[in-house]
Amino acid sequence: MQAKKSGRIQPTGGRDSMKLAYWMYAGPAHIGTLRIASSFKNVHAIMHAPLGDDYFNVMRSMLERERDFTPVTASVVDRNVLARGSQEKVVDNITRKDREESPDLIVLTPTCTSSILQEDLQNFVDRAQLDARGDVLLADVNHYRVNELQAGDRTLQQIVQFYLEKARKKGDLPTEKTAKPSVNIIGISTLGFHNQHDCTELKRLMSDLGIEVNEVIPEGASVHNLKNLPQAWFNLVPYRELGLMTAQYLEQEFGMPCVDITPMGVVETARCIRKIQQLLNAQGAGVDYEEYIDHQTRHVSQAAWFSRSIDCQNLTGKKAVVFGDNTHAAAMTKILAREMGIHVVLAGTYCKYDADWFKAQVSEYCDEVLISDDNGAIGDAIARLEPAAIFGTQMERHIGKRLNIPCGVIAAPIHIQNFPIGYRPFLGYEGTNQVADLVYNSFTLGMEDHLLEIFGGHDTKEVITKGMSADSDLNWTKEAQATLNQVPGFVRGKVKRNTEKFARERGLSEISLEVFYAAKEAVGA
Amino acid sequence: MQAKKSGRIQPTGGRDSMKLAYWMYAGPAHIGTLRIASSFKNVHAIMHAPLGDDYFNVMRSMLERERDFTPVTASVVDRNVLARGSQEKVVDNITRKDREESPDLIVLTPTCTSSILQEDLQNFVDRAQLDARGDVLLADVNHYRVNELQAGDRTLQQIVQFYLEKARKKGDLPTEKTAKPSVNIIGISTLGFHNQHDCTELKRLMSDLGIEVNEVIPEGASVHNLKNLPQAWFNLVPYRELGLMTAQYLEQEFGMPCVDITPMGVVETARCIRKIQQLLNAQGAGVDYEEYIDHQTRHVSQAAWFSRSIDCQNLTGKKAVVFGDNTHAAAMTKILAREMGIHVVLAGTYCKYDADWFKAQVSEYCDEVLISDDNGAIGDAIARLEPAAIFGTQMERHIGKRLNIPCGVIAAPIHIQNFPIGYRPFLGYEGTNQVADLVYNSFTLGMEDHLLEIFGGHDTKEVITKGMSADSDLNWTKEAQATLNQVPGFVRGKVKRNTEKFARERGLSEISLEVFYAAKEAVGA
Amino acid sequence: MTVAQEPTGLNFDCETGNYHTFCPISCVAWLYQKIEDSFFLVIGTKTCGYFLQNAMGVMIFAEPRYAMAELEEGDISAQLNDYEELKRLCLQIKRDRNPSVIVWIGTCTTEIIKMDLEGLAPKLEAEIGIPIVTARANGLDYAFTQGEDTVLAAMAHRCPSKVTSEAEKEERNAIQKLLTFGRKAEETAPTSEPKHPPLVLFGSLPDPVVTNLTLELKKQGVEVSGWLPAKRYTELPVIEEGYYVAGVNPFLSRTATTLMRRRKCKLIGAPFPIGPDGTRAWIEKICSVFGIEPQGLAEREAKIWESLEDYLQLIRGKSVFFMGDNLLEISLARFLIRCGMTVPEIGIPYMDKRYQAAELALLEKTCQEMGVSTPNIVEKPDNYNQLQRIKAIQPDLVITGMAHANPLEARGINTKWSVEFTFAQIHGFSNARDILELVTRPLRRNNSLKDLGWEKLVQEEATV
Amino acid sequence: MTVAQEPTGLNFDCETGNYHTFCPISCVAWLYQKIEDSFFLVIGTKTCGYFLQNAMGVMIFAEPRYAMAELEEGDISAQLNDYEELKRLCLQIKRDRNPSVIVWIGTCTTEIIKMDLEGLAPKLEAEIGIPIVTARANGLDYAFTQGEDTVLAAMAHRCPSKVTSEAEKEERNAIQKLLTFGRKAEETAPTSEPKHPPLVLFGSLPDPVVTNLTLELKKQGVEVSGWLPAKRYTELPVIEEGYYVAGVNPFLSRTATTLMRRRKCKLIGAPFPIGPDGTRAWIEKICSVFGIEPQGLAEREAKIWESLEDYLQLIRGKSVFFMGDNLLEISLARFLIRCGMTVPEIGIPYMDKRYQAAELALLEKTCQEMGVSTPNIVEKPDNYNQLQRIKAIQPDLVITGMAHANPLEARGINTKWSVEFTFAQIHGFSNARDILELVTRPLRRNNSLKDLGWEKLVQEEATV
């Protein structure tokens, strides 16, 4: 089937309307597919797309400081290709790459743009497979219905299923479990948020627990080894966004149990380990990890002690906003609220497609839940709530910069700062330490800035009264305004608002000193 | 001998005059002594001092988030004690503590204040020793001649010598070397800059090299084990400020060789390992660490690759100022200049007592060397040089905040941020990773602030011209000023200065656009 | 004078032990901020300087309006001329900062070497043309907050006794100006003479608290003529013989004595305006001296108590142990007992039973009314002995200096830093919430940890 | 027209391979900064938006003056009315930002679904009262920097052809104003009519570079009447039939054609003012068209070369390979050959031999004069094949897109990002240093690493 040159795809019932977007929390679908394909060893992706759509290669090379060429080639769609149809070019490029680099697998994906052409790409793949020595696969995602995260989840499942079915057909599928308890770690991928260090930490954790790591997928995995997946005793899916579909497939087909508790924070790490213990013992392992958990909690991880220390006491009741992907936003909300006594006024996620899970996880730990991928909505919420700190993405970090609120970055979209060279896992026991530092530094460096602001003006004889926008329907007397100006900058906005609310409720149009103090007594403004 | 109640101590030839001090890079001598004493296990210090001088306990408890009570007790000197003489109180307090907690050793130290009394404290100690079951020792330091670092070095040596001589007298001194190559790591102490993580990293390094750790002192060491020190094949002194006197004593008395190359940075870590190899092979070990060094450099540490990567290329030739203690300032200067191609315009140390070593280490890697403990001088130099980044102490970080220059903290004076919960060594191969992150983030976060500054003003239709103080003897025409204002903020000061210099050299009193561009061409302003 | 008699129902003890407080030179950390045109020069050793830099958490403020005159060996050994050395530094300060006053803070070292600061200051002041105030805030004689006492006592000497020009009177009366600013002309035009003798309050409080307390008194018809210290040295209040004075802090006995003996003022001895009970008692006492019948104070206090109920529920019936640090202990204990807590022990570095007489009497009365036993008041406690007592008593909360907080927490004992009460705004009706916010924070935090089953997390770590 | 003939001595090749450049919508990243009262609306998919956010490194600027109109499934499937949808977004932009112009950037998607932006814009412009300019900066037809070409070509239509009021003339002539501002009245009072027909320059350059090039021409007696684009949309230059125009960037062939064909301007075909050689040639060509004898240009160029000597020593005799990215390749190669380098291959996404004719001729001449062989010019190169050639040739430097830099460095090949030349200030005499600063940086850096013996550090890592 040739490209429909006349444009518009068939109506599919979509009702979303054009959106004004300044910022995206998750990338387009093909990014997810490419992350999976290029995480595997010796897998190549062919991107059927116009010039300029192949910036995935730039992201991988620059953000991960990757030493190797990214195994993704754009089969360029230009005006000529559009006119002639792209089948020949795509098939040529697949077979050419098959010859040039002998990949085990070539994955073909369009982008949002080329998917509009509604070409029969499966047919392209079938044609190319005739000549290619390696496998050829069309990534099966709808580029307008799913985002990067969902597409990645789906592509990983698709590749796993492909190789397991292939092995089954060949009668090449090992059926026995490994002798010792073993695990597949599913969902570690290139351009994932701190994935590399998390993976190291998870491997250490498994080693501590006496569990062999059977396979880690997709990062660094060979598709030839996928057939060995069912030999593991269980699957561990640390991130909710990537790997669950694969784990579900493995559970359905091979009855493999799955642990999908993210081991982030002291409490959740313990819960994850206990779940593993339960699954292993159900298979006759007879392990007891309680002593290990206790030892790690009290002596190895410093996070529990940090929670009890005076530094953390001073954070008690401070307000924080959390925003990110499901995995990190939910885990962070629990850590802040449950382990550190910090008041989470809002927890939010941009994973709209999985909102119910998020709400169920965080509702008891926060005042408000926000499910949105509109950065303006999050910015407005932060400005309204004026938290003492934010834990969010790079976007929230910049919102915080504008509002002068410190922000610790806890989730993708990824940024080069999320590929530190030094060891910075978020998961496992060392992860609890790193998170404790992040929390502490976010609050205290914010406090330091405020202190500098307060004391900075006292250097000279001339005392400069710090200005504040008199943007209000209420009239502040000079003395009340002067007193308000003495309130430290980081709570001044809140005091002002509460005082005005108090005045409005009482029908006062002027805020005198007396009103100011009365408000403080009444509402703790 | 009773206290000389009438004040002033005897002239000792000191000629220093009263100093106006806003900031101190190193603490007073007794802090050094207390750091050593409280690093050991089951050693108690008695501080003979007025109320308020015992803030060491606060520092240790707060900065290190120490769970245990700091084993330091102030024997309070007040008006009554002054009047009656302090011997009885000091002796009572020593013997009381000996009873209460049975420490192996009690170290007595005065502070700057009480040392003026010129009491015969050795006599107090001798008296106390009559009743005490544990050992009692007077820290032998001159509180007006040496600072925290020198006092710590001396106290460690004094304690080591005390126990080695004691063991020798008792005929209790093991003389044989350990069967396998072994090392004493000397100089890890409480309130040391990232010492705990450095120690972990050094132990891992020694383990990788097949070297047993014989003793680590003073942190966590028992004085009973000091007699085993000579069994090690060599001593490793990672920090120049603490441990060298001990190592020299051990070399003189027991012929133990010492490695005093700080393993910080890829090159110096390799040099340190090669020196160890040489010492071991001289004792017949027959080790070859070249392959290990190569593997670590190329595959484990990411720092060498970072140096070659595009991120680091963009730092080439950028200007940096380095300031800190000898160990960290020298190592950092070498890393920046030699491993990263960064232009170190000034390297400085506050370790005035050891200035020659510093000059010899860094001279070839920087334009200028500054030996000073006057924070004003360093601040002025930074303001003059306008580097793109600073690597210094907390003081320089604050200088940088004022001047809007990012600063990575690389040296004491310690601050709670230098006691991270997450793993952050400066030494060894993981240290190279952490340092690379520090360098990269310092430069790029600085750049980010500048970019925000540049683009921040473009949000609305109204373009606000960023002000700049017209503080100059030269007259800038409006158009030249406007063009200058278009220069990015972070180099504007430099461009302005160079242009004015150019104009002055040519006797021009007005800077027109033509002069502005002529200056750019002539001096690259 | 109006100071009350010493109470008798309380048990006082003096351990004269080894205890920890911050050095009295700490006071520069808040006084330099309070007096905006001042410069504080601490004349001492590296030990003093390093303390200010580290323990006070002020290391982040490069070049604040205070510095160390660091005594070197040459100074100690008297080889150098103190006058010339201090002149050099003060001229540098004049050049760099040009303050309205330089406050010399003497230390233990200047005491021991008997440096004659009081003798040098007038001569140098005349020579360089900047007032120099000297205060002996040394650790041989004083503890922590008493440093403020030494400075205010010294400044009490500098308050003018008569103001000549109207302009100066205007400047000196800055508080009155602030409070009337913006009012209609007719309201203020005939500067109504207060109906009572002038009243000056002493004690360094943050400006909003100064305004607040001044307003509270104004509501009762009491005009405050001035505060010692004022926001600026040039605005120190006029003090004439016969003026009434009242303190707002329990650690200002020396200032009180100076005002009484040297400036011939009449001291109003009252409980301190900390907590709604103390604030009410303080206002009532001042009113009573001036023969004013206070209006609506009981209702006012009741309303505040009502607004505190959410916090009170957290602490009622719980015990709090004061290790002793900042001399605010009696006032805080009295308020917390009124809140429903019990107090087994109040450690305190120094106990002036005369200056604190009214506060001690209120404490005793409060214990009776609340039906709890009176606390044991231990002057100059021995911290080691206290830790043994804490281990035995297992109080619900220990208010302690910074050195002991983390180790106590590690042993499952809730703590709160005493120093926070020094820096927080705790005076007056409105700030009662802030005290309870601090007091309840460890309880709230550790409650939430307890729900998790983490209580034993560090408790078994070690024994006291 | 004055465009030179196509040169013949160069070898051109077209691989039509799979190559990487940035998407042409990138141009919004610099154009929204250049035109300060503009708003750019990119009408495309998530793929476009994520590109702008990530690859252009602009993710840190929340809410800059550009945004995505993100096409959702409903838009693609034509269920929704494009006009209504765009109107909704543009009204929102008007409300939030109130720009002087909204530039619609069409993308591959709008091409494929044949969204009629050119048809919708005039209607919407009339309805909402803000000019709407449409540009088809899509990747089907254009590469990277050509995005600017599409925008400028569209804006060329919007330049007024006649100015009525004096006030508007004043505004339109902002550059002239800038240059004469501050001069004495008599110097400027009789607005001296230029001695040549009006000249308008086109190409987006940072303001300091605009001023610099304007000044260079002024020195020779050539007045620049305006720049396309100007700092503000409201200051777009007047263009009348017969005006002369000259481009400053090699990727503006469509703008040049539009100015010639639609606005009846005369194009001055010159090498581009990049490097001292190019800048001199550019000025000379403009002067020659106006019959002006340029003064002191040879000395000027010589002096610049002299000042570059420290850099030249680093690159003389070294080879540089252009993989091809931003269409600046010919100009940069010509300058670097003049610097003493050799260039085996110039990859370039698109080669307009007519518009670049003078530049190509200068390249050829430069090669002859420097005695080096002419580069192989490869249009639409195949990156995989290029990597094989690089492996064979082992050039001293590869100027490449961001995707290939780190892997090449890891294999011991020095690289420089081509994109940096797009963003740096490289035009005119003064900026020649900046080009060499960029070009030599990897050489200087890797020299210093080489001294360390670290060369083989990653070279053996893998083979190309």
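Any value given below was found using the heavy atoms of this structure, including those in side chains, with hydrogens, waters and symmetry copies removed. As the structure is a computational prediction, the values presented were derived from the model and not from experiment. The chains referred to below are lettered A, B, ... by the order of the sequence lines, with proteins before strands, and numbering in each begins at 1.
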- Item | Short N-O contact, A:Lys401 and A:Glu396, less than 4.0 angstrom | no
- Query: Salt bridge between B:Asp294 and B:Arg298, side-chain N to carboxylate O under 4.0 Å?
  - Reply: yes
- Task: Identify which part of B:Gln434 has an atom lying under 4.5 Å from any heavy atom of chain A, answering side chain, backbone, both or neither.
- Result: both
- Task: Would you mind checking which part of B:Ile416 comes under 4.5 Å of any heavy atom in chain A, side chain (CB onward), backbone (N, CA, C, O), both or neither?
- Result: side chain
- Per-residue contact mode, A:Glu430 against chain B (heavy atom under 4.5 angstrom): side chain
- Task: Specify which of B:Gly422, B:Ala436, B:Ser309 makes the most heavy-atom pairs with chain A at under 4.5 Å.
- Result: B:Gly422
- Message: So which residue, B:Ile310, B:Asp311, B:Leu438, ends up with the most heavy-atom pairs under 4.5 Å with chain A?
- Response: B:Asp311
- Measure across A:Val435 and A:Ile335 and return the closest heavy-atom pair with its distance rounded to 0.1 Å. CG1-CD1, 4.1 Å
- Query: Taking B:Leu427 as the fixed residue, which of B:Leu202, B:Thr200, B:Asn195 is the one that meets the side chain to side chain contact (heavy atoms under 4.5 Å, CB included) rule?
  - Reply: B:Leu202
- State whether a side-chain donor-acceptor pair under 3.5 Å links B:Ser301 with B:Thr432. yes
